[in-house]
Enquirer: 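Shown below is the structure under consideration.
The model shown is predicted, which means the values in this text are computed figures rather than measured ones. Note that these values count all heavy atoms, side chains included, but never hydrogens, waters or copies made by symmetry.
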Amino acid sequence: AAHRRKREFSGRILDPVAVAWDGRLRFRFRLPAGLSGRADVRVTQDDGRERVGLIRLEEDPGLPDEYGGLVRGVGMPGRLPPGYHHLSVTAGRHHAEATVVAAPQRAPNVPRTWGAFLPLYALHSDTSWGVGDLGDLEALAGWVGGLGGGVVATTPLNAAFLDEPFDPGPYSPASRMFWNELFVDISRVSELQASLAAREVVASSGTELRALRAARLVDHRRAMALKRRALEAMLRDLLAEPSERRAALLTFAENHPEVRDYALFRAALERHRKPWPGWPARQREGEVTEADVGPDAYRYHLYAQWLAHQQVASTQAEAARR
């Protein structure tokens with residue numbers, strides 16, 4: 001088995017990954033013995049700039065390996081910036097590509113500091129809906145910063161299944177690419193003041209809100225259902241008339257096709273009320289269209305991600321400012 005594995009490696013021109021410590025790229029490439037001509041080396045940095053090199057195979061005979069190939073070492077001049085870059089080597093009909101990770105040998109020295117960590121859902125305030133939100137997180141960051149702290153951390157804020165199926169755990173998210181709209185601060189949504197229907201939802205939910213705030217445990221499902229009613233009311237009024245906010249939402253959806261895919265996935269889940277392995281075959285294979293889902297659910301998830309994206313960015317910017 002070890003022999004077969006080594007032979008498999010010997011057939012590779014390049015290893016899949018090369019590390020450029022402190023930006024200095026040194027790597028090896030393997031070619032069959034007897035090749036002549038030249039090998040072209042190209043490094044494409046993650047900012048799009050390119051570095052090229054040329055190796056004349058006759059002038060660099062290389063070292064033979066035990067499988068009949070020749071191994072040559074290359075050192076690219078200069079230093080690569082930190083990041084992920086792309087390396088390619090071409091010699092005649094032989095071609096290979098690899099990822100280059102440019103990394104410091106040591107982490108930078110930074111001042112020591114202190115901070116606070118807690119699950120955001122446990123961060124209650126007088127205005128939260130039985131579960132902490134991004135407004136509470138920003139307030140916590142301000143408080144810690146005011147006391148001289150430098151860090152505020154929480155459990156993941158990724159999207160979660162909070163209806164059917166139900167799994168609120170932060171470490172088993174619906175997606176690691178999108179946010180959990182449960183943490184949207186309703187009071188900071190611009191549409192709240194413009195939407196009479198949304199204000200009526202809030203006004204009529206006083207008893208339920210007090211129960212959520214007084215509960216010993218966080219009721220994720222109940223809090224999300226109530227918050228969604230308010231968000232859906234805001235969205236209906238937002239889409240009813242042309243406005244800068246509506247145009248911004250449509251532009252966000254247009255520029256982020258991955259968010260549209262996510263909204264289709266969540267809307268399909270709400271229609272079928274079961275995980276994707278139980279969906280019809282075409283949708284199970286990943287082909288979900290707007291015709292397959294409820295339009296209101298699809299638009300809701302677009303809107304929820306737009307709001308969460310804005311509030312996360314605002315919270316992060318305010319924390320950085322402090």
Side-chain angles (χ1 to χ4, degrees), residues 16-27 43-51 75-87 98-129 131-160 168-173 175-189 218 252 256 258-259 305-322:
V17 176
V19 180
W21 292 114
D22 289 330
R24 296 193 180 278
L25 177 58
R26 296 178 178 86
F27 65 94
V43 177
T44 304
Q45 298 180 186
D46 57 9
D47 61 5
R49 289 184 292 178
E50 290 190 338
R51 301 182 182 210
M76 295 293 284
R79 297 195 182 201
L80 292 168
Y84 298 91
H85 314 293
H86 182 263
L87 166 66
T99 297
V100 176
V101 183
Q105 288 197 342
R106 295 182 58 183
N109 292 321
V110 295
R112 300 191 72 170
T113 187
W114 62 271
F117 169 89
L118 80 169
L120 181 53
Y121 52 78
L123 180 60
H124 296 279
S125 69
D126 293 337
T127 59
S128 59
W129 291 29
V131 57
D133 57 37
L134 288 160
D136 297 324
L137 186 61
E138 187 170 309
L140 175 66
W143 180 70
V144 170
L147 295 174
V151 173
V152 168
T154 183
T155 47
L157 308 180
N158 301 128
Y171 299 106
S172 54
S175 171
R176 290 179 174 84
M177 295 174 60
F178 304 102
W179 302 112
N180 189 340
E181 70 267 25
L182 177 63
F183 298 124
V184 168
D185 181 355
I186 293 289
S187 67
R188 300 169 70 188
V189 179
V218 174
F252 174 78
H256 295 83
E258 69 281 1
V259 179
Q305 288 305 307
W306 181 55
L307 296 178
H309 177 84
Q310 290 178 326
Q311 292 197 4
V312 168
S314 173
T315 300
Q316 186 176 23
E318 179 62 15
R321 185 186 69 80
R322 291 179 176 275

Enquirer: If we ignore hydrogens and angles and just use 3.5 Å, is the side chain of H86 paired with the main-chain N or O of T99 as donor and acceptor?
Expert: no
Enquirer: Would you say R51's side chain and P77's backbone share a donor-acceptor pair under 3.5 angstrom?
Expert: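 Yes, R51 side chain to P77 backbone: donor-acceptor pair under 3.5 Å.
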Enquirer: How far apart are the closest heavy atoms of P81 and A102, and which atoms are they?
Expert: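 Scanning both residues completely, I find the closest heavy atoms to be O-CB, 3.2 Å.
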Enquirer: If I compare all heavy atoms of L157 with all of T154, which pair ends up nearest, and what's the gap?
Expert: CD2-CG2, 3.9 Å
Enquirer: For residues 17-27, tabulate all N or O donor-acceptor pairs below 3.5 Å that involve a side-chain atom, not counting sequence neighbours.
Expert:
| unit_1 | atom_1 | unit_2 | atom_2 | d |
| --- | --- | --- | --- | --- |
| D22 | OD1 | Q105 | N | 3.1 |

Enquirer: Return the minimal non-hydrogen interatomic distance between D133 and G135, and the atom names on each side.
Expert: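 Reported closest heavy-atom pair: OD1-N, 3.0 Å.
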Enquirer: Enter the distance from F183:CZ to L307:CG here, rounded to the nearest 0.5 Å.
Expert: 15.5 Å
Enquirer: Using side-chain hydrogen bond (donor to acceptor under 3.5 Å, both in side chains) as the criterion, list what pairs up with E181, not counting sequence neighbours.
Expert: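 side-chain hydrogen bond (donor to acceptor under 3.5 Å, both in side chains) check on E181 returns Y300.
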Enquirer: For residues A160 and P168, report the shortest heavy-atom separation together with the two atoms involved.
Expert: CB-CA, 4.4 Å
Enquirer: Quick one: does V100's side chain get under 4.5 Å of Y84's, heavy atoms only?
Expert: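 V100 vs Y84: side chains apart.
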Enquirer: So does W179 get a backbone contact from the side chain of Q305, meaning a donor-acceptor N/O pair under 3.5 Å?
Expert: yes
Enquirer: Would you compute the distance between atom CG of L134 and atom CD of Q316 and round it to the nearest 0.5 angstrom?
Expert: 11.5 Å
Enquirer: Walk me through whether N158 and F178 qualify under side chain to side chain contact (heavy atoms under 4.5 Å, CB included).
Expert: CA-CA 6 Å; N158 301 128; F178 304 102; over 6 Å; no
Enquirer: Taking only residues two or more places apart in sequence, or in another chain, which ones meet R106 in a side-chain hydrogen bond (donor to acceptor under 3.5 Å, both in side chains)?
Expert: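 Once residues adjacent in sequence are excluded, R106 has no partner under the side-chain hydrogen bond (donor to acceptor under 3.5 Å, both in side chains) criterion.
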Enquirer: Are the side chains of W114 and L147 in contact, using a 4.5 Å heavy-atom criterion?
Expert: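 Counting from C-beta outward, L147 and W114 do come under 4.5 Å.
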Enquirer: Show every donor-acceptor pair shorter than 3.5 Å between a side-chain atom in residues 116-125 and any protein atom, with sequence neighbours excluded, or say none if there are none.
Expert:
| unit_1 | atom_1 | unit_2 | atom_2 | d |
| --- | --- | --- | --- | --- |
| S125 | OG | T127 | N | 3.3 |
| S125 | OG | T127 | OG1 | 3.4 |
| S125 | OG | S128 | N | 3.2 |
| S125 | OG | D136 | OD1 | 2.7 |

Enquirer: Is the CZ atom of R176 crowded by more than 12 outside heavy atoms at less than 6.0 Å?
Expert: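 No - once you tally the heavy atoms of other residues, nucleotides and ligands closer than 6.0 Å, there are 12 at most.
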Enquirer: Pick from Q310, Q311, E138: which one makes a side-chain hydrogen bond (donor to acceptor under 3.5 Å, both in side chains) with R188?
Expert: E138
Enquirer: Does E258 have any side-chain hydrogen bond (donor to acceptor under 3.5 Å, both in side chains) partners at least two apart in sequence or in another chain, and if so, which?
Expert: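 Scan of E258 (side-chain hydrogen bond (donor to acceptor under 3.5 Å, both in side chains), adjacent residues dropped) gives none.
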Enquirer: Who passes side-chain hydrogen bond (donor to acceptor under 3.5 Å, both in side chains) against D47, sequence neighbours left out?
Expert: Q45, R49
